[in-house]
Amino acid sequence: MKLTLRFSTPIQAACEVVWDTMFDPDCYRTWTTPFGEGSYFEGSWAEGERIRFLAPGGSGMSAVIAENRRPQFLSIQHLGEIVEGVEDLDSDRVRAWAPAFENYTLLATAGGTELIVDSDVSEEWEPFLRETWPKALAVLKRLCEERGGGG
C-alpha cells in the first residue's frame, strides 16, 4: 500500500536561495547524506526530463520531472528502481508502488521560506523515511541559511 508523508521546515532564506541550494549538485550530495552516504543525481531538473537518483554502486531510482515552477514547486514522478546500474520500470515489485510522486513546495514567509515535502512511499519505507527526512531537511536548512540567510 502507498501512502503520502509530509515534512516541512522553516528556512531563513529566500525561496530562490532554497531552490538553488536544494538542486545544486554539490549541495544535493550534502543534504541527502542521511538517505545514503554518497547520494547524487544524474540528469536534469527541467520539466519533462529524465533524472536518476543514485547511490555509489549505481543503485537508486529512475524518475521524470513532472513539473518545475522555479522557485515555488517541483514535482518528481518516480518511475522505477535502478539496481547495480540496471533500470527496472515494470517488474511486479515496481508496479506495486510506481508511479510515486515527491513534491517540493516553497512558500515565501516573513522570515524566509517554508519548505514542504510531500512524498509517496510504500509502507515498507515509511519508518526509514519518517526518521530520515527530518535529518535531511535539517542539513538543507543549515546549508540554505549559510548561503543566503535573512530572507
Side-chain angles (χ1 to χ4, degrees), residues 1-9 11 13 15-107 113-148:
M1 184 174 143
K2 191 166 50 174
L3 59 140
T4 302
L5 301 179
R6 173 169 277 194
F7 304 93
S8 67
T9 188
I11 301 174
C15 291
E16 292 82 359
V17 172
V18 175
W19 183 278
D20 291 344
T21 302
M22 213 171 10
F23 303 123
D24 171 83
D26 292 329
C27 291
Y28 181 88
R29 285 180 182 267
T30 301
W31 78 263
T32 59
T33 295
F35 295 104
E37 187 75 36
S39 295
Y40 64 101
F41 67 87
E42 291 179 346
S44 170
W45 296 103
E47 191 168 313
E49 293 294 319
R50 292 294 294 265
I51 191 164
R52 296 163 33 118
F53 301 97
L54 301 163
S59 294
M61 305 288 288
S62 179
V64 65
I65 302 303
E67 192 172 341
N68 181 328
R69 286 185 281 125
R70 182 188 187 276
Q72 292 100 13
F73 182 76
L74 183 98
S75 179
I76 302 166
Q77 181 180 9
H78 292 284
L79 304 172
E81 298 176 331
I82 302 165
V83 179
E84 296 178 8
V86 178
E87 190 174 60
D88 173 8
L89 301 178
D90 51 28
S91 69
D92 289 342
R93 175 177 162 76
V94 167
R95 281 186 281 171
W97 60 263
F101 287 86
E102 186 174 316
N103 295 327
Y104 296 84
T105 303
L106 291 78
L107 303 173
T113 302
E114 181 73 22
L115 173 62
I116 302 164
V117 180
D118 293 300
S119 181
D120 293 343
V121 301
S122 59
E123 286 180 341
E124 69 182 286
W125 285 96
E126 180 185 5
F128 172 77
L129 293 172
R130 281 198 187 279
E131 179 181 326
T132 307
W133 263 114
K135 293 176 184 175
L137 291 177
V139 175
L140 179 59
K141 175 183 174 86
R142 179 183 52 79
L143 290 172
C144 293
E145 291 176 354
E146 287 173 357
R147 290 180 102 193

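Only this structure's heavy atoms are used, side chains among them; waters, hydrogens and symmetry mates stay out.
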- Query: Hey, is the main chain of Thr30 close enough, under 3.5 Å, to the side chain of Thr33 for a donor-acceptor pair?
  - Reply: yes
- Note on the structure: Shortest non-hydrogen pair, Val17 vs Arg147, comes out as CG1-CB, 4.3 Å
- Check whether any side-chain heavy atom of Ile82 lies under 4.5 Å from a side-chain heavy atom of Leu54, and answer yes or no. yes
- Query: Distance only, no hydrogens: is a donor on one side chain within 3.5 Å (strictly under) of an acceptor on the other, for Asp24 and Thr21?
  - Reply: no
- Query: Is the Trp31-Phe41 ring centre distance short of 6.0 angstrom?
  - Reply: no
- Between Glu16 and Arg70, does a side chain to side chain contact (heavy atoms under 4.5 Å, CB included) hold up when you go through it step by step? CA-CA 8 Å; Glu16 292 82 359; Arg70 182 188 187 276; 4.1 Å; yes
- Item | Asp120 side-chain N/O to Phe101 backbone N/O, donor-acceptor pair under 3.5 Å | yes
- Message: Looking at Trp97, is its backbone amide N or carbonyl O close enough to the side chain of Lys2 to form a donor-acceptor pair, meaning the two atoms are under 3.5 Å apart?
- Response: yes
- Run the numbers on Phe128 and Trp133 for side chain to side chain contact (heavy atoms under 4.5 Å, CB included), then give the verdict. CA-CA 8 Å; Phe128 172 77; Trp133 263 114; over 6 Å; no
- Message: So Phe7 and Pro134, do their side chains get closer than 4.5 Å, heavy atoms only?
- Response: yes
- Query: How many angstroms lie between atom CG of Leu137 and atom OG1 of Thr132, to the nearest 0.5 angstrom?
  - Reply: 10.5 Å
- Can you tell if the side chain of Trp45 reaches within under 4.5 Å of the side chain of Trp19, non-hydrogen atoms only? no
- Item | Atom pair CD (Glu37) and OG1 (Thr32), whose distance is rounded to the nearest 0.5 Å | 9.5 Å
- Message: The test is salt bridge (charged side-chain N to carboxylate O under 4.0 Å, His left out); show your working for Arg69 and Glu67 and say whether it passes.
- Response: CA-CA 7 Å; Arg69 286 185 281 125; Glu67 192 172 341; 2.6 Å; yes
- Task: Please step through side chain to side chain contact (heavy atoms under 4.5 Å, CB included) for the pair Phe53 and Ile76, ending with a clear verdict.
- Result: CA-CA 11 Å; Phe53 301 97; Ile76 302 166; 3.9 Å; yes
- Between Cys144 and Ala13 the two heavy atoms that sit nearest each other are O-CB, 3.8 Å
- Message: Once you measure the plane-to-plane angle for Tyr104 and Phe23, does it fall in the parallel (<30°), tilted (30-60°) or perpendicular (>60°) bin?
- Response: perpendicular
- Item | Contact check, side chains of Leu5 and Glu126, non-hydrogen atoms, under 4.5 Å | yes
- Task: Determine whether Leu74 and Ile65 make a side-chain contact, defined as any pair of heavy atoms from C-beta on separated by less than 4.5 Å.
- Result: yes
- Message: Do Ile116 and Asp118 have side chains that approach each other closer than 4.5 Å (heavy atoms only, starting at C-beta)?
- Response: yes
- Message: Looking at Val64, is its backbone amide N or carbonyl O close enough to the side chain of Arg50 to form a donor-acceptor pair, meaning the two atoms are under 3.5 Å apart?
- Response: no
- Note on the structure: Closest non-hydrogen atoms of Gly38 and Pro56, given as atom of the first, atom of the second and distance, are O-CD, 3.5 Å
- Mark yes or no for whether Glu47, through its side chain, and Asn68, through its backbone, hold a donor-acceptor pair below 3.5 Å. yes
- Task: Keeping the roles fixed (side chain from Asp92, backbone from Val94), state whether a donor-acceptor pair exists under 3.5 Å.
- Result: no
- Message: Working to the nearest 0.5 angstrom, can you tell me the gap between Lys141 NZ and Thr9 OG1?
- Response: 4.5 Å
- Item | Close side-chain approach of Gln77 and Leu79, heavy atoms under 4.5 Å | yes
- Do we see a donor-acceptor contact under 3.5 Å between the side chains of Ser75 and Asn103? yes
- Query: Do the side chain of Ser39 and the main chain of Phe35 share a donor and acceptor less than 3.5 angstrom apart?
  - Reply: no
- Query: Looking only at atom types and distance, does a side-chain atom of Thr113 sit under 3.5 Å from a main-chain N or O of Leu115, one as donor and one as acceptor?
  - Reply: no
- Message: If you compare all heavy atoms of Met22 against all heavy atoms of Leu140, which two are closest, and at what distance to 0.1 Å?
- Response: CG-CD2, 3.7 Å
- Query: Would you call Glu87 and Arg52 a salt bridge, taking side-chain N to carboxylate O under 4.0 Å as the test?
  - Reply: no
- In short, Leu107 meets Cys15 closest at the heavy-atom pair C-SG, 3.9 Å
- Ser59 (side chain) donor-acceptor with Glu84 (main chain) under 3.5 angstrom: yes
- Item | From His78 atom NE2 to Ser119 atom OG, the distance as rounded to the nearest 0.5 Å | 6.5 Å
